[in-house]
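Order of the sequence lines sets the chain letters (A, B, ...), proteins ahead of strands, with each chain counted from 1.
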Amino acid sequence: MQYNTLESIDALRAAAAAEFQAIVGDADAENFRVKYLGKKGVLREIMKTLGNVSPEERKTLGAAANALREEIESRFNDAREQSKGDGGGDPGFDPALPGFPFPSGSLHPLAQIRNHIVEILASMGFSIAYGPEVESDYNNFEALNMPPLHPARDMQDTFYINEKAVLRTHTSPVQIRVMKEQKPPIRAIMPGRVYRNEEVSARSYCMFYQVEGLFVDKNVSFADLKGTLLAFSRRFFDENTKIKIRPSFFPFTEPSVEVDVECFLCKGKGCGICKHSGWLEILGAGMVHPSVLKSGGIDPEIYSGFAFGMGVERIALLKYGIDDIRLFYENDVRFLKQF
Amino acid sequence: MKILYSWLKDFIDINAPAAEVASALTSAGIEVASITEISIPDGVKVARVVSRDPHPGADKLSLCQVDDGSGGEPLQIVCGAPNVTAGMTVALAVVGTQIAPDFKIGKAKIRGVESFGMLCSEKELGLSDSHEGIMPLPHDYKIGTPLSEYMPYDAVIEIEITPNRGDCLSVLGVAREVSARFGLPLKDITKKPRENADDSVTSAISVDVENAGRCPRYMGRLVRGVTVGASPEWMQRRLKLAGLRPINNIVDITNYVLIQYGQPMHAFDYNAIEDRKIAIKTASSMGAGQFTTLDGVERKLAGDDLLICDGKRPVALAGVMGGAGSEITEATKDVFLECAFFEQGGVRKTSKRLALSTDSSYRFERGVDPAQGLENALETAAALLQELAGGSVAAGVIDTRPNPFADKVLALHPSRASRLLGLEFTADGIIPSLNSLGINTLRESDDVLRCTVPLFRHDITEEADLIEEVGRQYGYDNIPAADSARVELVRQPSTAEINRDMARHALCYFGLNEIITNSMVSEPRRKLVTPDAEPVKIMNPLNPDMAEMRTSMAVSLLETAAYNLNRKNRDNRLFEIGKVFRPDPKSELADERDILAVLIEGACFPQSWGNQELPNDFFVLKGILEAFAANCALGTPVFSRMESSVPLYGPECASITIKNAQTDIRGTIGRVSDKICKAFGIKTAVYYAELDLTAWLSAPKPLPVYTPLPKFPALERDYCFVMPETLSSAAVTKEIESVSPLIAKVRPFDVYRGEKLEAGTKSVAFSVEFRSPDKTLSDEDVADACTKIIAAMEKEHGAVLRK
């Protein structure tokens, strides 16, 4: 082939581009390089044949041939640079193979629910207080308006450590500790582990978590309690959640109420989770009993307050749709890794 | 407690259906557990069995001819119940009766014999769970009458009464609440006996109360000449539906009154009362050490148990249970009825100590009505004995103290109710709602109401209790929620929450699974892990596996690892931040510590297509702790050999000390001993570590100390020394570091033991990094230090540079 016209150089460009695209693997690439860019390659050969044309044509054709050579060289080198890091591209590369077996950790579902509750209440202005799990009988019962022979003690089967100490049956004794340490206004939540001497079953365990709340100030009213619990329920469940309040009894609050929250799953229509009532029993609450304020060294003539409490397990069971409370304490990692 | 709708109707003319009554009770604070409606289906009628013959084709079936009162031929009915006899009056469901939503009686052929209906059991009619044969009906029921005429619609409402509302443990008490809710008047249904003027209770028996504090009021009546027998069907029916077993007319009457008024009563066989004397005194005063209750159990008495005694011996455990020997028998002729108010605490103490809770003790513990209620119960019981057992009631009543308690008068300030409930309440609004509960009000001023509280309301003792009644009557759902619960935006963030979460998240990111375990453990397991620790013991454990509070987290983590391994969950990596307990010598409480425990087992990285398995070992766990400590700014942990052996670990273990600005954190780490693994049923190598985070949790995170980055590159030199086996790498590192201020870092990177070395020696390779803040170091700059390192190692530690 004689390359003595611009057309013939363009034809060479097209041929080179086609061959370049067809390159598969190192051997092809080498053949291509030798053919076009090698010392005896086509483009070198062109220069030698230019002697037969006029000086003007030689100039034009020479420039065109040089440009083509640079073009091919640069494309070839770019492609070679690129393919170098990837070892030329492995057709057997399989991204579906497992990644390096780093273990995946998990946080316990109960701790997650507990923290969710605590975070919401903390953002509402409640600070966090703790108390011991081995608690005095006085703080656990007497200071909370449950003297030794009070039948309300039957509501909570108790583990005794000695005559004067028990495994706390609720987080309410922390109320007494907080009131003794702080002056009103008091806004505190008290998360913690509590114990009940009850047979273990799918529905109850001898140990569980509560989160207790306490608010003491001048003129704190039942309407404040309702407002707080409504705000909490809406943050925790759904912004349109409704609550319903029934009278109840706790020795340490007067009045005492049970707060039912509209079922988050069926939105009050009735489903398996809420036993077709549309409501979930979630919270116990009430206005702090004057005797309890007095036990905490606070004058009930000046101050009033509300308290509320909820069980973390119960909420976790409902929220996750788990039917056996023991799963939380058996810690089967196949269970834990789901949360 | 089970309350009969029809019984409520004795007290109130209410037409609202049972479900509506139940929801009113719920909003009054009386939780309704269930409602069971009793409704005899149309088509069930009274019938009589004319004859009963064996079924020709089945041993267990019988062939009955039944007269359904229609005047026609008897109906042939196949029946499976063994108790059917000729002449029996029964409930017959005729063909076409819809006995249940999914069960309609049809003409049937049973084993080849045609059957035209069904004889019903109590269960089939929804009257009880009793499936024991066909229900016999009284013979005075007229054949052919629809059974619903004798057994009209009714409902059993099962309620749960909170311990403060002892006054609601009766039909009357529930009726009071219903009356207040619906604004309907409460009827007085007390019955009065006709007294026999020729007989006098006071001359027939004397009653002496030794301690009026324990027995503020004791009433009694004498009924002579009773005939002990079955109580009438209507009474048995009510008792059964209320959950009590009918016994005989005398006992049934006292039980009936118990359910109706909530007043426990006891019927004594008058002729068994020695010396015709009743004395109420303590066991110590009586000199009684034990007592046999009427269930035949001999019970050991405590000195302050209250007893009802006759002239010679105790006859009842006051308020709890009567005694064997004075109870009603078939032969009883004369009955002494006891109706008393026993002090709550005393009854509870005895009942708790003896673990003997009865319908009677349950109500006395919660307080009965010491006034009108006591009188109404006694009068009604005496009248019923007269009516149903043919007794003659002696004139007069024993009554030790007609007015044992003063009127309970409390002041209520409407302004205070408004403040506490968060809604404006006026005297005019409050008065009618309190009156409907039987609380009388006297308006002293617009803001002071003098309230006289009925003595049966033991739960109302102060103003707050009255405010609760106001709120309850108004309805809590009707009190609007405050728009803005008063919230304070300034708050102290909780250091403990922040630190705990930081630690938990760090460990989670290192691939560990958080667990939450029971803090109660068994004594043998505690002894295995911490044999010398004094535990906090539980006096009344649920079972021996939970007899003590844990002294180490190791028991909990090992149990969890074993649980998972038993379920073929491999390569476990677990952690928990939990509490351990020791007795606190300074108080009756415990010393509680927050401990981080970590357990790893199996592989750190299991084998995969691109890597070999990397098994977990001591140094993997150490690495986790080091990374964790750095991540959470705990400080740098120092691991040292234990001074003495620790039962939990085998020989491969160390103590951990982390010093930081606020506090020292201490802990241990090691491979759990084979013996302990075996005891927990674990066959793999388990590595465990714990750190006491108690002080750290409440310490704020320190501000990181910034060091400018080096300006000049470092120079590295590697050394390999042959040294005694016992020489610790920490000692070598320290030695080399002290040689020159140019030495920035010393890091052991290889350890070799083997045949090429003398016994008792090892070869350790160290990488030493030299760095100057002023210039790039040359070989000459460090030549001197290099010589010194080799010399110092040889001189101080007998370590020789390996060629």
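- Considering only heavy atoms from C-beta on, A:R334 stays 4.5 Å or farther from B:K568 through its side chain.
- Shown here for A:P255 and B:Y476, the closest heavy-atom pair between the two residues is CB-OH, 3.0 Å.
- Side-chain atoms of A:E330 and B:R567, non-hydrogen and from C-beta on, never get closer than 4.5 Å to each other.
- The CZ atom of A:F222 sits 5.0 Å away from the CD1 atom of B:I479 when rounded to the nearest 0.5 Å.
- Contacts between A:L230 and chain B at a heavy-atom distance below 4.5 Å involve the side chain alone, from C-beta outward.
- Between the side chain of B:N564 and the backbone N or O of A:V333 there is at least one donor-acceptor pair closer than 3.5 Å.
- Proximity of a side-chain donor or acceptor of A:K164 to a complementary backbone N or O of B:S587 within less than 3.5 Å is not detected.
- If you take OH on A:Y195 and CE on B:M546, they are separated by 11.0 Å, rounding to the nearest 0.5 Å.
- A distance-only check finds no donor-acceptor pair linking the side chain of B:N513 to the backbone of A:L107 [under 3.5 Å].
- Here CG of A:L149 is found 10.0 Å from NZ of B:K352. Values are rounded to the nearest 0.5 Å.
- Taking the side chain as every heavy atom from C-beta outward, B:D465 and A:H289 approach each other to under 4.5 Å.
- Side chains of B:I467 and A:E254 form no contact here, defined as non-hydrogen atoms less than 4.5 Å apart.
- With contacts defined as side-chain heavy-atom distances shorter than 4.5 Å, the pair A:F100/B:N611 qualifies.
- Counting heavy-atom pairs closer than 4.5 Å to chain B, the top residue among A:I243, A:L336, A:N162 is A:N162.
- Looking at A:A129, neither its backbone nor its side chain comes within 4.5 Å of chain B, counting heavy atoms on both sides.
- Heavy atoms of A:S104 lying under 4.5 Å from chain B belong exclusively to its backbone.
- Among B:D584, B:I515, B:N540, the residue with the largest count of heavy-atom pairs under 4.5 Å with chain A is B:N540.
- Taking a cutoff of 4.0 Å between a charged side-chain nitrogen and a carboxylate oxygen, A:E133 and B:R593 do not qualify as a salt bridge.
- Of the possible polar contacts, one joining the A:N331 side chain to the B:I516 backbone as a donor-acceptor pair under 3.5 Å is found.
- Considering CD of B:E497 and CZ of A:R114, their distance stands at 4.0 Å, rounded to 0.5 Å.
- In this structure, OG1 in B:T517 is found 15.0 Å from CZ in A:F328, a value given to the nearest 0.5 Å.
- Comparing B:R165, B:Q607, B:Q344, B:R366 by how many heavy-atom pairs each has under 4.5 Å with chain A, the most go to B:R366.
- Only the side chain of A:Y205 comes within contact range of chain B, with at least one heavy atom under 4.5 Å from a heavy atom of that chain.
- With hydrogens and angles disregarded, no donor-acceptor distance shorter than 3.5 Å links the side chain of B:W609 to the backbone of A:L97.
- With no hydrogens or angles considered, a side-chain donor-acceptor pair links A:R193 and B:S519 at under 3.5 Å.
- The number of heavy-atom neighbours closer than 6.0 Å to NZ of A:K244, taken from other residues, nucleotides and ligands shown, is above 12.
- Taking CE of A:M207 as the start and CG of B:L542 as the end, the distance is 12.5 Å to the nearest 0.5 Å.
- A:P103 places none of its side-chain heavy atoms less than 4.5 Å from the side chain of B:L512.
- Side-chain contact check for A:S136 versus B:L589: some heavy-atom pair is nearer than 4.5 Å.
- Heavy atoms of A:T158 lying under 4.5 Å from chain B belong exclusively to its backbone.
- Side-chain contact between A:Y130 and B:S494 is present, with heavy atoms from C-beta onward closer than 4.5 Å.
- For A:D157, no part lies under 4.5 angstrom from a heavy atom of chain B.
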